[in-house]
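The structure under discussion appears below in the form of structure tokens.
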Amino acid sequence: MRETIDRASRNGAGASALKVSFEFFPPKTPAMEETLWASIERLAPLAPSFVSVTYGAGGSTRERTHATVSRILTETALKPAAHLTCVGASKAEIDAVVDGYAELGVRHIVGLRGDPVEGIGAVYRPHPEGYAQASDLVSAIRSRHPEIEVSVSAYAERHPESRDWQTELDNLKRKVDAGATRAITQFFFDNDLYSAFLDRVAAAGIDIPIVPGIVPVQNFTQTAKFAEKAGASIPSWFAARFEGLEEDATTRQLVAAAVCAEQVFDLVDRGVNEFHFYTMNRADLVYAICHLLGMRPAQAATTEALSLGEKVG
Ligand code: FAD
């Protein structure tokens, strides 16, 4: 580990060579809103390339996502990326959301198909007047607003509905051809799967950055449940690290930081210099990992964060 950290610093991974982005979800209650903004305030000085805000299943957070993105845009110097899915809305409704973002000054959308309204695992049926797949949405955003960059999803272990790798890669290629310039992966814990995926992507002639989505495990039981639905495997050695810690939140937090640092440093060793962190609206673990990676609060960003603090507080 020590050697890896030194190597990361030597390569400049701790400073300018390393890029991070942070994902948040729109808060439901005033208390959750407070937690989110405390987290944004803490992470902002690390000068992420962008911060993304998810879109609730079935479009359930359309207004809240918009409100959060809007507040980030108007109250901070951060660059927000709004997630948007095709589910449960007509093309006209989605276009109106996109136009609204463009007008607001949003210049980055994470374009997704989304899960069926009935939940993950149900059969996906496009809205009769809607965009059917993520590639259709990407194409619509890019043709309406070429100034908006579009990121898309990618799956190191294949999307659960893709029957084989050819289907998976064809789909990613369609999204790239439609105008996506970055893919962010579903979280994974086995870096070999990510490396094998990068080889497949390169062999398919896809050359956009495939940024690893990293989830610091705040709660192993919850993560395991979600991973099962999302088709992300949990290696037995990984599960063993959290064994017996169900009632011991303090040790769990320490272990989570160590395990996540181990994963990220191994990725740095494999040549990765860009990470997307699923923060779950909590800053501590992500801040610690970024610190270990050599990232320090930028002076300018600190000043911005302070003014953000004044606005928020
Ligand atoms: P797509 O890329 O459209 O693919 C879905 C499936 O359809 C794949 O199996 C693909 O192979 C198949 N497919 C597509 N086109 C064709 C075709 N022409 N022929 C055959 N098969 C095809 N969900 C939310 O609700 N809100 C969010 O904010 C959100 N953010 C996410 C962020 C990231 C980084 C990731 C990785 C996922 C996110 N999700 C989110 C989850 C995502 O919505 C689900 O995984 C969903 O099931 C698929 O959406 P997608 O954009 O990946 O779909």
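Both ligands and their constituent atoms are indexed starting at 1 by order of listing. Predicted model, so just to flag it, every value in this text is computed and none were measured.
Within ligand 1, the atoms closer than 4.0 Å to a non-hydrogen atom of Gln186 are 36 (C), numbered from 1 in the order shown. Those atoms of ligand 1 with a heavy atom of Ala134 less than 4.0 angstrom away are 1 (P), 2 (O), 3 (O), 51 (O). Listed by number with element, the atoms of ligand 1 under 4.0 angstrom from any heavy atom of Lys175 are 2 (O). For ligand 1, the atoms lying closer than 4.0 Å to a non-hydrogen atom of His83 are 27 (C), 28 (O), 29 (C), 30 (N), 31 (C), 32 (C). Close approach of ligand 1 to Ser162 is summarised as follows: ligand atoms under 4.0 Å from at least one heavy atom of the residue are 8 (C), 9 (O), 10 (C), 11 (O). Applying the 4.0 Å criterion to heavy atoms of Thr54 picks out, from ligand 1, the atoms 28 (O). Residue Thr85 approaches ligand 1 through these ligand atoms, each under 4.0 Å from one of its heavy atoms: 24 (C), 25 (O), 26 (N). With ligand atoms numbered from 1 in the order given, ligand 1 contributes 33 (C), 34 (C) to contacts under 4.0 Å with heavy atoms of Tyr278.
Neither Val106 nor Leu112 shares a network with the other; the hydrophobic side chains, linked directly or stepwise wherever heavy atoms of I, L, V, M, F, W or Y lie under 4.5 Å apart, form separate groups for each. The hydrophobic cluster containing Leu285 does not contain Leu46, counting ILVMFWY residues as joined when their side-chain heavy atoms lie under 4.5 angstrom apart, directly or transitively. The hydrophobic clustering, which links ILVMFWY residues whose side-chain heavy atoms are closer than 4.5 Å, places Ile214 and Phe197 together.
Using a cutoff of 4.0 Å between basic side-chain nitrogens and carboxylate oxygens, Glu149 and Lys79 are not scored as salt-bridged. Under a 4.0 Å N-O distance rule, the pair Lys173/Asp177 qualifies as a salt bridge. In summary, Glu168 and Arg200 do not engage in a salt bridge, as defined by a charged side-chain N under 4.0 Å from a carboxylate O.
Here atom 49 (O) of ligand 1 lies nearest to Gly114 when heavy atoms of Gly114, Ala154, Ser153, Ala82 are compared. Between Arg113, Glu168, His159, Arg174, it is Arg174 that holds the heavy atom closest to atom 18 (N) of ligand 1. The option with the heavy atom closest to atom 20 (C) of ligand 1, from among Leu137, Asp170, Thr167, is Thr167.
The only member of Phe238, Phe220, Tyr194, Phe242 that meets ring pair (Phe, Tyr, Trp, His ring centres under 6.0 Å) when paired with Phe189 is Phe238. Results of the side chain to side chain contact (heavy atoms under 4.5 Å, CB included) test with Glu23 over Thr54, Val53, Thr279 single out Thr54 as the only residue that passes.
Heavy atoms of Phe25 come nearer than 4.0 angstrom to ligand 1 in no pair at all. Asp115 counts as a contact of ligand 1, since one of its heavy atoms falls under 4.0 Å from the ligand.
Within 6.0 Å of CD in Glu147 there are more than 12 heavy atoms belonging to other residues, nucleotides or ligands.
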Inset, instruction - Could you please spell out the steps behind the side-chain contact (heavy atoms from CB on, under 4.5 Å) verdict for Tyr278 and Phe25? - result: CA-CA 9 Å; Tyr278 295 105; Phe25 62 85; over 6 Å; no
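Ranking the protein heavy atoms by distance from atom 39 (N) of ligand 1 puts Leu112 CD2, 4.2 Å first.
At a heavy-atom cutoff of 4.0 Å, ligand 1 is contacted by no atom of Tyr124, backbone or side chain.
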